[in-house]
Amino acid sequence: MTQLTFGRAINAGLRKAMERDSKVVLMGEDIGKLGGVFRITDGLQKDFGAHRVIDTPLAESGIMGTAVGLAFRGYRPVVEIQFDGFIYPAFDQIVAQVAKLHYRTQGKVTMPITIRVPFGGGIGSPEHHSESPEAYFTHTSGLRVVSVSNPQDAYTMIQQAIASNDPVLYFEPKRRYHTKGEVDENADLSSALPLGSARIVNSGSDVTLVVYGPLVATAQDVALAAADEGISVEVIDLRSLAPVDFPPVEASVRKTGRLVIAHEASQSGGLGAELAASITERCFNYLESAPVRVTGFDVPYPPSKLEKHHVPDLDRILDGIDRAMGRANSLSGLEGSLPS
């Protein structure tokens with residue numbers, strides 16, 4: 001096992017995939033000589049050449065269109081979207097072409113494109129640099145959407161995404177890039193947890209807390225704090241946002257009878273709504289209370305000095321657990337819109 005930061009784990013996973021398959025090419029703005037704004041691709045152009053680690057113009061639609069052409073010719077392009085808020089110029093290419101070509105050609109054409117997206121807040125960035133656009137893509141049939149939360153998954157899942165014949169949006173929580181963890185660089189992909197599987201992070205019996213990406217570490221802190229109050233929290237890291245691995249969540253809710261879902265994205269139309277509806281349909285007779293969502297507010301992402309109020313933190317998630325448990329709370333009813 002090797003101690004790696006989250007960012008270095010992604011770099012190591014990209015390197016391994018490129019060594020394994022000469023058809024893997026990386027594309028993005030400043031990813032070559034600079035190594036990307038977060039240095040995730042640092043050293044890869046030097047080792048694999050400018051024909052495989054390609055610095056592109058500042059044109060996300062053009063980058064995605066080029067990736068589609070490369071996929072048609074048998075390559076496995078890995079596209080870096082420099083910041084989450086920059087993905088929108090490429091939205092048409094992703095949802096109208098990348099997501100549909102396999103279905104449209106009755107399986108004759110595959111789109112093995114991996115789209116890396118640094119997402120979420122917590123780093124004090126200006127407008128367009130701290131967004132959570134995952135729900136736009138989980139709504140689109142034909143796309144796999146995953147979010148990683150720790151260095152081992154970052155290392156393994158980037159390789160699994162690249163090896164997949166499906167297009168994969170790979171969401172990376174940028175505020176966790178410097179988090180360190182143990183990584184088995186010799187791990188066999190065939191024995192790793194599948195790309196579409198959820199993972200139980202912390203076992204519990206009183207309430208199920210479902211999270212992904214940047215909030216997994218927060219949820220682990222929540223579980224420890226709740227234990228001090230005598231509440232046993234089962235934490236589930238979704239990992240795959242589309243398709244969702246429902247069986248582990250269902251099994252947990254049947255055990256605990258209560259569900260709390262937390263994500264940084266705004267509440268309305270967010271993934272939490274789909275999870276709450278689906279689990280209610282599947283586990284209605286087991287629920288002791290209505291599912292609770294703890295999310296970002298329904299506002300454009302705020303300036304950096306206010307983002308700590310926008311991003312769900314330990315206290316807000318604990319309040320959500322109190323609501324699910326039927327305990328007194330101070331924030332009930334505020335999720336989804338800013339307090340007056």
Side-chain angles (χ1 to χ4, degrees), residues 1-56 60 63-64 66-67 70-71 74-84 86-87 90 98 111-119 144-174 176-190 192-195 213 239-240:
M1 304 290 279
T2 308
Q3 279 280 332
L4 293 177
T5 64
F6 203 115
R8 294 305 298 176
I10 299 172
N11 180 285
L14 290 168
R15 179 179 295 276
K16 185 75 77 172
M18 296 181 76
E19 289 171 348
R20 186 181 295 120
D21 187 348
S22 63
K23 292 292 188 180
V24 176
V25 296
L26 312 188
M27 304 168 59
E29 299 160 4
D30 300 319
I31 70 166
K33 189 173 182 179
L34 180 66
V37 293
F38 296 106
R39 305 301 186 265
I40 303 301
T41 54
D42 188 40
L44 296 179
Q45 188 182 76
K46 174 178 173 291
D47 293 340
F48 293 96
H51 64 295
R52 291 189 66 193
V53 182
I54 304 164
D55 277 318
T56 66
E60 285 77 13
I63 297 169
M64 284 308 310
T66 302
L70 284 168
Y75 288 87
R76 292 184 175 273
V78 181
V79 171
E80 178 184 293
I81 302 297
Q82 196 170 72
F83 283 91
D84 36 31
F86 298 175
I87 200 168
V98 174
M111 285 283 114
I113 300 172
T114 301
I115 306 167
R116 292 183 41 242
V117 188
F119 85 124
R144 281 185 176 270
V145 182
V146 302
S147 180
V148 290
S149 66
N150 61 82
Q152 181 65 63
D153 275 354
Y155 173 76
T156 303
M157 290 172 67
I158 190 64
Q159 295 178 67
Q160 293 172 321
I162 294 169
S164 173
N165 285 327
D166 297 321
V168 181
L169 280 105
Y170 179 93
F171 282 94
E172 311 164 7
K174 63 175 85 77
R176 303 296 184 192
Y177 276 145
H178 299 294
T179 302
K180 285 188 175 182
E182 288 192 339
V183 176
D184 182 1
E185 295 188 73
N186 297 313
D188 186 353
L189 291 186
S190 63
L193 193 63
L195 187 64
R239 299 173 78 251
S240 178

Could you pull out the closest heavy-atom pair between [X] and [Y], with the gap in Å?
X: P112; Y: A71; result: CD-CB, 4.0 Å
X: L34; Y: R39; result: O-CD, 3.3 Å
X: G36; Y: T41; result: N-OG1, 3.7 Å
X: F6; Y: S149; result: CE1-C, 3.3 Å
X: P151; Y: V183; result: CB-CG2, 3.6 Å
X: E185; Y: Y155; result: O-OH, 2.7 Å

Judged by atom type as modelled, is there a donor-acceptor pair below 3.5 Å linking the side chain of [X] to the main-chain atoms of [Y]?
X: Y170; Y: T114; answer: no
X: R52; Y: V24; answer: yes
X: S164; Y: D166; answer: yes

Measure the shortest side-chain to side-chain distance between [X] and [Y] over non-hydrogen atoms and say whether it is less than 4.5 angstrom.
X: D47; Y: M18; result: no
X: R116; Y: I31; result: no
X: E60; Y: E29; result: yes
X: T66; Y: T56; result: no
X: R8; Y: D42; result: yes
X: N11; Y: L44; result: yes

ask   = For atom OH of Y75, is the number of surrounding heavy atoms from other residues, nucleotides or ligands below 6.0 Å larger than 12?
value =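 Counting other residues, nucleotides and ligands, OH of Y75 stays at 12 neighbours or fewer.
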Drop me the distance from [X]'s [atom1] to [Y]'s [atom2], to the nearest 0.5 angstrom.
X: Q160; Y: S190; atom1: CD; atom2: OG; result: 10.0 Å
X: D153; Y: I10; atom1: CG; atom2: CD1; result: 11.0 Å
X: E80; Y: I63; atom1: CD; atom2: CD1; result: 9.0 Å
X: R76; Y: I162; atom1: CZ; atom2: CD1; result: 9.5 Å
X: I115; Y: I81; atom1: CD1; atom2: CD1; result: 6.5 Å
X: I40; Y: K174; atom1: CD1; atom2: NZ; result: 11.5 Å

query = Run the side-chain contact (heavy atoms from CB on, under 4.5 Å) check on V168 and M157 step by step: do they pass?
reply = CA-CA 10 Å; V168 181; M157 290 172 67; over 6 Å; no
Tell me, please, which residues at least two apart from [X] pass side chain to side chain contact (heavy atoms under 4.5 Å, CB included).
X: L193; result: S197, R199, R239
X: D184; result: M1, Q152, N186, A187
X: A163; result: none

key: Full working for side-chain contact (heavy atoms from CB on, under 4.5 Å) between L14 and I158   = CA-CA 7 Å; L14 290 168; I158 190 64; 3.8 Å; yes
task = Over 60° means perpendicular and under 30° means parallel, so classify the ring planes of F38 and Y177, tilted if in between.
result =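 Ring orientation, 0 to 90° scale: tilted.
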message = R176 vs V148, test: side-chain contact (heavy atoms from CB on, under 4.5 Å). Steps then yes/no.
response = CA-CA 10 Å; R176 303 296 184 192; V148 290; over 6 Å; no
